[in-house]
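Each remark here refers to the structure printed beneath this line.
Just so you know, these numbers come straight off a predicted model, no measurement behind them.
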2 protein chains.
Amino acid sequence: MPVPKGSTIDPERTRAAILEAATSVLYERGLDGIGVAELCARIGVSKETLYRHFGTKDGLVEAMLQARSDRVTRWLAGVVATAGDDPRDQLSAVFDALQEWYDDPVFRGCAMLNAAAQHHVEAVRAITARHLDRYLELLTGIAERAGAADPGVLGRQLLMLVEGATVVAAHHGAAGAGEHARQAAHALLSAASGTAPHR
Amino acid sequence: MPVPKGSTIDPERTRAAILEAATSVLYERGLDGIGVAELCARIGVSKETLYRHFGTKDGLVEAMLQARSDRVTRWLAGVVATAGDDPRDQLSAVFDALQEWYDDPVFRGCAMLNAAAQHHVEAVRAITARHLDRYLELLTGIAERAGAADPGVLGRQLLMLVEGATVVAAHHGAAGAGEHARQAAHALLSAASGTAPHR
DNA sequence: AGCCGATCGAACCGGCCGGTACCATCTGCG
DNA sequence: CGCAGATGGTACCGGCCGGTTCGATCGGCT
């Protein structure tokens, strides 16, 4: 019994479909770069349905960002998990994955940072901050496993490299951004763990 | 004869005053976060005057961003110029200056990146790209003087650190961001020039 | 079949948007 | 002084904004 109460056309699926469709449109056009009317037309849903599910445009935005943060975090964690046990390989895997993202024609920078830059709603900024927290946790884990002297600091420096590479790729050309960031990350890791550089 | 034709209340000064006042308001509120009417009220100028000088809100935005890019570039170049001849000291000076910026209560991230993230006008993206070019030129210069094996690559990696530190400071807490980025930059420079770390 | 809830499509709302027009006022120059 | 240009203040424009409402339709469950 997947749907508890008597229902019909499966609102859950509708909600999920709206979220998925809205994610790409809002990423492409910007949160305030498209009105609700046009957004609904693109998604293929009526305004009433959208408002019934999310109450407000901001509500949709927040739900969309949260879902996107979840998805990205799972994606990166998976990349790390399938990269083997060597933390250096894990770090390489992260930047290789980022480079693939940068090369995607629809790449327009980090959606969370874009959202926080344009939207002054506190909830949006909170989602962005939590998103960076998740990145930091993942990178600090790599730093710990690599035996860094201060994994917290190294994790934060790696976070700066990740976000910096994304910014540079978005606004200054994607070519080689992930590669250069990966080399820099390895240099930092080597310096922090006192071992010879990898490769 | 500073003013060629017969004029009166000095339009040049008015234009400069509008630019300066608009810079802080648009930075604080976001380019699309404030309307022309309220913007004029805050600046203390009539709509007609604003439109006479800039033609369009986008025109004002572009002029403002260009002026801000010029100012920031001059500021950073000055910081480097007064830091002595050692490229490592110059690098430290850059990140120390950035940290002071991060600690400013009005700090809300890089204005160019924020603008490019929210505004889809091509001219804005071009100004942002040129701004990053200027950063890159400055950092590549430091990399060259430090004897880096590949100053272009090191310059780009330093650019990622600068932008990454700014992003992290804006959205994840400013405390220590410049410091951590500075240490990372020194580690990269040491690794790239094959010398012992500074300090 | 018959009901109920989900959905659609479109009309509608007050309000604000960017931008324009008009006129009174002020300032400096001759 | 008197003129010309710069400015302020305000009303106004069409259009789009986010959000609400209503009736018609549709789909699954009993």
Which pairs, with at least one residue in [range] and sequence neighbours excluded, count as a ring-ring contact (aromatic ring centres under 6.0 Å, His included)?
{"range": "residues 134-167 of chain B", "result": "B:His131-B:Tyr135"}
{"range": "residues 25-51 of chain B", "result": "none"}
{"range": "residues 86-114 of chain B", "result": "B:Trp101-B:Phe107, B:Tyr102-B:Phe107"}

Interface polar pairs with nucleotides 20-23 of chain D, N/O, under 3.5 angstrom:
residue, atom, partner, partner atom, Å
D:dC22, N4, A:Glu48, OE1, 2.0

Rounded to the nearest 0.5 Å, how far apart are CG of B:Leu91 and NE2 of B:His186?
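It is 4.5 Å, given to the nearest 0.5 Å.
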Rounded to the nearest angstrom, tell me the gap between atom [atom1] in [X] and atom [atom2] in [N].
{"X": "B:His53", "N": "D:dG8", "atom1": "NE2", "atom2": "C1'", "value": "13 Å"}
{"X": "B:Asp58", "N": "C:dC17", "atom1": "CG", "atom2": "P", "value": "15 Å"}
{"X": "B:Ile18", "N": "D:dA6", "atom1": "CD1", "atom2": "C1'", "value": "11 Å"}
{"X": "B:Arg13", "N": "C:dC26", "atom1": "CZ", "atom2": "P", "value": "22 Å"}
{"X": "A:Arg15", "N": "C:dT7", "atom1": "CZ", "atom2": "C1'", "value": "17 Å"}
{"X": "A:Leu50", "N": "C:dC8", "atom1": "CG", "atom2": "P", "value": "10 Å"}

Side-chain donor/acceptor pairs under 3.5 Å, residues 57-65 of chain A, sequence neighbours excluded:
residue, atom, partner, partner atom, Å
A:Lys57, NZ, A:Leu31, O, 3.1
A:Lys57, NZ, A:Ile34, O, 2.8
A:Asp58, OD1, A:His119, NE2, 2.9

Distance-only criterion, 3.5 Å: show the donor-acceptor pairs between side-chain atoms of residues 75-82 of chain A and protein atoms not counting sequence neighbours.
residue, atom, partner, partner atom, Å
A:Thr82, OG1, A:Gly78, O, 3.1
A:Thr82, OG1, A:Val79, O, 3.3

Tell me, please, which residues at least two apart from B:Ser46 pass side-chain hydrogen bond (donor to acceptor under 3.5 Å, both in side chains).
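Testing B:Ser46 for side-chain hydrogen bond (donor to acceptor under 3.5 Å, both in side chains), a comparison that skips the adjacent residues, returns B:Thr49.
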Applying side-chain hydrogen bond (donor to acceptor under 3.5 Å, both in side chains), name anything that partners B:Arg108, two or more places apart in sequence or on another chain.
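So B:Arg108 forms a side-chain hydrogen bond (donor to acceptor under 3.5 Å, both in side chains) with A:His120.
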Who are the side-chain contact (heavy atoms from CB on, under 4.5 Å) partners of A:Glu100, not counting sequence neighbours?
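Partners of A:Glu100 under the side-chain contact (heavy atoms from CB on, under 4.5 Å) test: none.
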Not counting sequence neighbours, which residues clear side-chain contact (heavy atoms from CB on, under 4.5 Å) with B:Ala116? List them please.
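Only A:His171, B:Thr128 meet the side-chain contact (heavy atoms from CB on, under 4.5 Å) criterion with B:Ala116.
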Below 4.0 Å: OP1/OP2 of C:dG19 and any side-chain N or O of B:Thr56:
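Yes, within the criterion.
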Using a cut-off of strictly less than 4.0 Å between a heavy atom of the residue and any atom of DNA chain D, enumerate the qualifying residues of residues 115-128 of chain A by number.
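Nothing qualifies; none.
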Specify the residues of residues 19-46 of chain A, ordered by number, for which at least one heavy atom lies under 4.0 angstrom from an atom of DNA chain C.
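Contacts with DNA chain C under 4.0 Å: A:Gly44, A:Val45, A:Ser46.
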From the list D:dT7, C:dG18, C:dT7, which nucleotide is the closest neighbour of the side chain of A:Arg52?
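Closest nucleotide among those given: C:dT7.
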Does this structure show an ion pair linking B:Glu137 with B:Arg134, if we count only N-O contacts that are shorter than 4.0 Å?
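Between B:Arg134 and B:Glu137 there is no salt bridge, as every charged N stays at least 4.0 Å from the carboxylate O atoms.
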